[in-house]
8 protein chains.
Amino acid sequence: MKTTDELQQLLTAVAHQEIGVDQAAQQLQQQQTIDDLGFAKVDLSRQRRNGYPEVIYGAGKTAEQIIGIIGSLKQHAENILCTRVSPVKFALIQQVEPTAQYHEMAQCVVLTVKAIPQTTTTIAVVTAGTSDMAVAEEAALTAEVYGNRVNRIYDVGVAGIHRLFEHLDEIRQAQVVIVVAGMEGALASVVGGLINRPLIAVPTSIGYGTNFGGLTALMTMLNSCASGITVVNIDNGFGAGYAASMMNHLNSGEKN
Amino acid sequence: MKTTDELQQLLTAVAHQEIGVDQAAQQLQQQQTIDDLGFAKVDLSRQRRNGYPEVIYGAGKTAEQIIGIIGSLKQHAENILCTRVSPVKFALIQQVEPTAQYHEMAQCVVLTVKAIPQTTTTIAVVTAGTSDMAVAEEAALTAEVYGNRVNRIYDVGVAGIHRLFEHLDEIRQAQVVIVVAGMEGALASVVGGLINRPLIAVPTSIGYGTNFGGLTALMTMLNSCASGITVVNIDNGFGAGYAASMMNHLNSGEKN
Amino acid sequence: MKTTDELQQLLTAVAHQEIGVDQAAQQLQQQQTIDDLGFAKVDLSRQRRNGYPEVIYGAGKTAEQIIGIIGSLKQHAENILCTRVSPVKFALIQQVEPTAQYHEMAQCVVLTVKAIPQTTTTIAVVTAGTSDMAVAEEAALTAEVYGNRVNRIYDVGVAGIHRLFEHLDEIRQAQVVIVVAGMEGALASVVGGLINRPLIAVPTSIGYGTNFGGLTALMTMLNSCASGITVVNIDNGFGAGYAASMMNHLNSGEKN
Amino acid sequence: MKTTDELQQLLTAVAHQEIGVDQAAQQLQQQQTIDDLGFAKVDLSRQRRNGYPEVIYGAGKTAEQIIGIIGSLKQHAENILCTRVSPVKFALIQQVEPTAQYHEMAQCVVLTVKAIPQTTTTIAVVTAGTSDMAVAEEAALTAEVYGNRVNRIYDVGVAGIHRLFEHLDEIRQAQVVIVVAGMEGALASVVGGLINRPLIAVPTSIGYGTNFGGLTALMTMLNSCASGITVVNIDNGFGAGYAASMMNHLNSGEKN
Amino acid sequence: MKTTDELQQLLTAVAHQEIGVDQAAQQLQQQQTIDDLGFAKVDLSRQRRNGYPEVIYGAGKTAEQIIGIIGSLKQHAENILCTRVSPVKFALIQQVEPTAQYHEMAQCVVLTVKAIPQTTTTIAVVTAGTSDMAVAEEAALTAEVYGNRVNRIYDVGVAGIHRLFEHLDEIRQAQVVIVVAGMEGALASVVGGLINRPLIAVPTSIGYGTNFGGLTALMTMLNSCASGITVVNIDNGFGAGYAASMMNHLNSGEKN
Amino acid sequence: MKTTDELQQLLTAVAHQEIGVDQAAQQLQQQQTIDDLGFAKVDLSRQRRNGYPEVIYGAGKTAEQIIGIIGSLKQHAENILCTRVSPVKFALIQQVEPTAQYHEMAQCVVLTVKAIPQTTTTIAVVTAGTSDMAVAEEAALTAEVYGNRVNRIYDVGVAGIHRLFEHLDEIRQAQVVIVVAGMEGALASVVGGLINRPLIAVPTSIGYGTNFGGLTALMTMLNSCASGITVVNIDNGFGAGYAASMMNHLNSGEKN
Amino acid sequence: MKTTDELQQLLTAVAHQEIGVDQAAQQLQQQQTIDDLGFAKVDLSRQRRNGYPEVIYGAGKTAEQIIGIIGSLKQHAENILCTRVSPVKFALIQQVEPTAQYHEMAQCVVLTVKAIPQTTTTIAVVTAGTSDMAVAEEAALTAEVYGNRVNRIYDVGVAGIHRLFEHLDEIRQAQVVIVVAGMEGALASVVGGLINRPLIAVPTSIGYGTNFGGLTALMTMLNSCASGITVVNIDNGFGAGYAASMMNHLNSGEKN
Amino acid sequence: MKTTDELQQLLTAVAHQEIGVDQAAQQLQQQQTIDDLGFAKVDLSRQRRNGYPEVIYGAGKTAEQIIGIIGSLKQHAENILCTRVSPVKFALIQQVEPTAQYHEMAQCVVLTVKAIPQTTTTIAVVTAGTSDMAVAEEAALTAEVYGNRVNRIYDVGVAGIHRLFEHLDEIRQAQVVIVVAGMEGALASVVGGLINRPLIAVPTSIGYGTNFGGLTALMTMLNSCASGITVVNIDNGFGAGYAASMMNHLNSGEKN
């Protein structure tokens, strides 16, 4: 993963004994720190320099597996975010990790080992309806644990568009806007036409009839006539919060 | 198609010779006047009482077939609307029917045999973009040939929502609103949330990527979170114009 | 949401002190009355002038949330319709709202604060089979709570078409016809070919094999060869009843 | 492909020299007569005993390939039906096979080497619209070349259902009914509810919007609430005509 | 539903008092005998002349509703077939109708009021695998209660094609063949290439991965390269048995 | 669109004549400057303050319509980007707008009225294959006309993953990365796993078989196991370039 | 299934009494040994010569049916593999077959009657994530019971691609590689681009949003830009293990 | 891409000056030889040791681009296979590369620089119909240019299954079998049930109605009830030929 020049420089340095063999080997392998738990190869290299959370996707894992991965990560002093954890699973995790905090609506567990600095700029999380709140909370919480200020603006869907307009100024003050909507997902287009910042659209599986588990909202968002909208998968609040955090940190000069 | 009582009354009247056999037979068959052209059974019974247009769907027919059907209908003194006629086909039709008028954007031919009264109330036809105009014109023209006043409000899509708000009063004054939109079709939801009259949504096949020939707009409209929206098929301007005319005539006391 | 002229008039009136600041502000905000419950922004502005029901979509909400929204709406003296409420949820609601009435087949709760006038004209609700009755009842009840006379004609599907013909006169006397059908949904086309009034088709998820949860019936209805049919989403009885009410009130001169 | 007993009997007969080796080998191979043209292995065994036509699916083949297969089949004195042949291809075929007849609407070529007996009973071919005629003609012609009487009843779709009722007696007199319909395909259900004979439904690709090239009509027919309907592929007139012929010959005692 | 001539003859006869008013009315309504149970309009006219079973689709109905419909039908001395009845529902039905018989694998209830004659010819019901047996039994039982001899040949799928060949003679002796297959549904094509009789293919929802609840088998069967195959909906054993019975009765001179 | 407080302040200012009526009206309407060309309502308000380009989607428009819109925009001294313009259309546009520049691979026309400042940070545009270049160029050019430095890295798909690794350092130096890929679209996941910046994935319609016009690549990208990826519609190079520009300007402190 | 020459030779030998009738009949029927259990026709002929396992697909079968089939197979001294067996079913089977072994993660039962030789070459089974392990274990176990050495390399998905590179040498040493991946399935393309051996891709139903139960991963794998990849159905670990075994035995000179 | 141990050994050798810096750098980069043509990064490293062909996918490339890539590859003395080349493009290529050979049915160009050894074992390529030949030829030719013997067995589809049985011995003698089929694709299951070697199924886009451009055949093959079948994308003859070659070379001890 190095260019020819870099490799030759490095190897010349070894040949000249300006750099030790171990040190050179370490440089060549620099992204290869893995803790092998048998059922999982825990990646200890991601962002461990700065206290940013490591993420565990809890949906397909048992409480035991989650506890095992938390145990491995904690030894490297990382903050931990675990998504899609049911209250029942959390009860088991809490017995082993009593400092873990549970966010019920977002179904997330957070374990803070080391505080991280907070951004001055804001991410707005906007929902069309009450039923979109669970996904929105996953997005908002993810952004918060990565150190972003978040402004929640819920239940402002287009069926009563004046509710949106009352909050337009707030939305325009955000650096990045996340719009969470099910049903037909039209809110993303309307907000996208009113702002000049990056907008991440999150379709939700809320709806019935031909909503097709969120596919209609997804398609609406992908086909939006408003410019500057990008889209994540259905109900993927974490993905939206994570991408928004990356964008928000661009501005502050910090690198997420 | 009559109840037992009606049948017995009718037949008793025949038995008592209060009504002639021919007359009774005619009553029993009252909706069965058909002109058989070989390739088509022209239905002469639809609304021939009041000059309302008979409709020919021109898409799958040759100019010769269209001319034949027009010839049959004209003998019963009906107005005629022919949709989906290309300029080339119209040139051939015009040679036989010189009074036929062509509306190029709507791709429709109109043959007026007898004027029909116009409604005092209005149907608004609203489009999201310039590219939706062909379908919108088919809807507007259909409504007009059935005697409705039409107010065209084009290119007011949600990407620049202030364009819509400038025309909101006009839209609110209409009895029935037709919203024509491709791409993600969000305009129907936004308009639907702002009015209290029937709204017919027409998805168009305008778009690209995952628009799927209008399917995305159709699904958006079916899943609209705004109440009171009904939907017709993709690009079905005629269907929307016809249904809107039925609704608009409810109000005026005329029956379409 | 006002034109330039209107705005200038209003502001000139303020400048001339012909109209008070508060009154002008009120006019500019006239559609912006919202009760913020935290989890929902209840829209108090819709039709509160005339006792028409406000609607709560009960499917994704807890009994507690529904009770909260009812409480907010009741303070503004509105009738309330709550759809998709299970008997279990209703039992909880009834403890707080003892005057609420439950319609089990339609799975709807109705709370009447103030009687509303009834139309003289009728909406016919027609079903293909017994299994379509739940959706039909949601449509019929919605129409009734909005003040419409409703004529229910159930189980007249095309497999035994003479059952339909026995009721044809009744259907033809209605101002608006709602056809509710699952399986292949052919009934909408047949009825549509026999009447001259607006027909709202409601596909239901009744069926098996390639019915695809109602998609087949939906597609059949969208592609109907009969003119004047518009369609709502699968199982969306409420949407059909609401749109039909809008249409029926056009005729009576009342505005819904 | 013989049972143990049959095989032992046959081989015992050979062992006892009651039957010659060649004769036994012939029996064991009885269905294996193939003419290998390089690009095709022409199957000469199908029904060659009784003059029934061999079928060539012309769509993916050049005129030269079709002529080659006809040449091979003719040597075995078979009637030949070739479907999906354009007028241009036929012109080339006719130069080599001057007795071949072309049916333009059905896009079929027929080569009669030996007349076949005609059934006394009838197959009815019913279409919903004018545009369904090409597929209907393929079905009708296929049935005719296999020796069936055919009664064509075209353009009797459900949008004007009285047109159908005028022909109901004729339809009921047929042994087998083929219903050809595009758009929403509702005609199959209506006819199926009115007769007590086998009904083969043929969806056509006629339509627009969400017709999806005939898929909507296909799904409608598969989900029909009328009993006794079976379905063939979209636009598959040949398949319907062939299956109907099999059914019609059951009745007459002939085996097709 | 009569031609002009027939109507005039009938009415002339009434006018001449050669036929009574009641009798004429009865003739005009001859197919309109319905028992209205409120939740269902029971059609008493279908085939009640000859003891053929009336069918109740049990899936969407309560035991109470089924008992009610049975009660209505029994008064007209009809045999009754009730499909898709769970053992639990049957236990309730049996309390009221002790002579009802339950076929567990087919999940069908049969109530025989009057014996019907049996055909001399046979319907073969062939399955690809063990898992297709439930659907096959519904087809076989349906055929049997309509008076057909049935030959069951199960578990002869193409993965071990010699199992099929052992039964080929039996299959060829049937008048009509029903092939029931899930997974990829290839058995229908293979059998269809080996016989010269009508073949009804029934896709089943057996399979996993991209079987899509039977859609793959359905598509395979619709696209079969073998001629003479018609298809019913996924898992629709009843439909296949009913259609096969219609075809088998063509041969015997009886009309089903 | 203002809060109650702001409105009261504004109106109070008008009442006190601290601000003129015209000025207040202007404030209330501040985003409502539209040029109505009949076929289009040109929005003159978007970003006209700073020379950023206005965009014309050229696909569904005639050369005449494009020329008309350019003419309207130019009067307001805006830069103009016109996407999806064929060489033939450009030839016509160039006759009227001789300073317009054409970028053939991107199929875009650019008209620079006023230079805009360039960012110091970079957007990387990465493609999987040669065939993805047209879409990539639309993205790259869009980003450039909005003032961003762009680094093009083409043909580094995962089938020969060492090609990607040679360019990894360059990719990591970008502020925002756009990955353009057809076929199975796996490149987005691989790059996403190797960087810590926002990644916009653009599926292209390049491929065959079950690529479904880009749908497979789209689904791959939406389901990516790498965090921080957002997605735009198939072939939507413009959307990706525009969103990337918004993100890149966050960093530089400029607001796009 | 023999050529003419072979048949004549065989029959001549019978005629010359060089071979007995029974022996000849046996040869002609050589693949027709079936044990008919009523609900299943157990195929005893597959590979019974060499101890290779017979496979029972346990998903749609009761414990009783599985026990019955095992009983039939055991009499022919075959090894048995039974897939998709839940722990509950296994408990019942174990009571009758105490030597049966259960592999919980793979949900498979193995009954070893006779040891089979093991290959010297290896099949690598590679997974993207922890959640893909159940399917991977079904593949690995299948390969093992057919006598293959298996190397399991789990949790090396592309989101942390260095985990894959650490195991690349191992993967390259395998004769055949099975890649098991859900989500977007990109791992198959990446591995396919790095090796020169047959790669069997197994999509899993792991994922959410638009994963569509594995369809996205399936489509990704079918459209892979890497050469030499073939694909099995979603979650079809058995199919992959079986096909890999066939390939691996090609090399060793053994025929599976 | 080396383990820690290997890296340390290598670097120690450099430090000890047992190996030169250049040589070590070369080892570390050993798979990174790319020729950058601007529009393409030609990968010169794949199999260049042994004369195996490099492949150019010609579909999306101009004749000029293809000529450029051929020119680059030829300098490294490789054989070249170029797929999806139309006769028109070949005419242009031939002017520059007169020794290039064109295979019209397969639409492939082959440039042989150096002969490669041929396998003793065979790959059988089997098609269902005449129309599948183009795809089959692409597969067969690919296999041949990679040094495999190929046995073509065309037009043996299941509609006349005895044609298949005549060739069964030949098919069974092959090491690897490729089955190419459109329509319903049942041939793969039938052949798969009759052989014990790897079978690669190639669905083709041949068919009509609900074939969906090959999707039906693809789904049939993925769901096959026969074990050991793997599948490539629709019409992907090259992919099948390439994978088959990999498998066939396993046996011969050569590594492809």
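These numbers come from a predicted model, not from an experiment. Residue numbers begin at 1 in each chain, while the letters A, B, ... track the order of the sequences.
- By the neighbour-count criterion of 12 heavy atoms within 6.0 Å, atom CD of E170(D) is densely surrounded, having more than that number from other residues, nucleotides or ligands.
- Top candidate by heavy-atom pairs under 4.5 Å with chain C, chosen from A186(D), G157(D), G185(D), G192(D), is A186(D).
- Scanning residues 216-226 of chain D against chain C with a 4.5 Å non-hydrogen threshold yields T216(D), M219(D), T220(D), L222(D), N223(D), S224(D), C225(D), A226(D), sorted by number.
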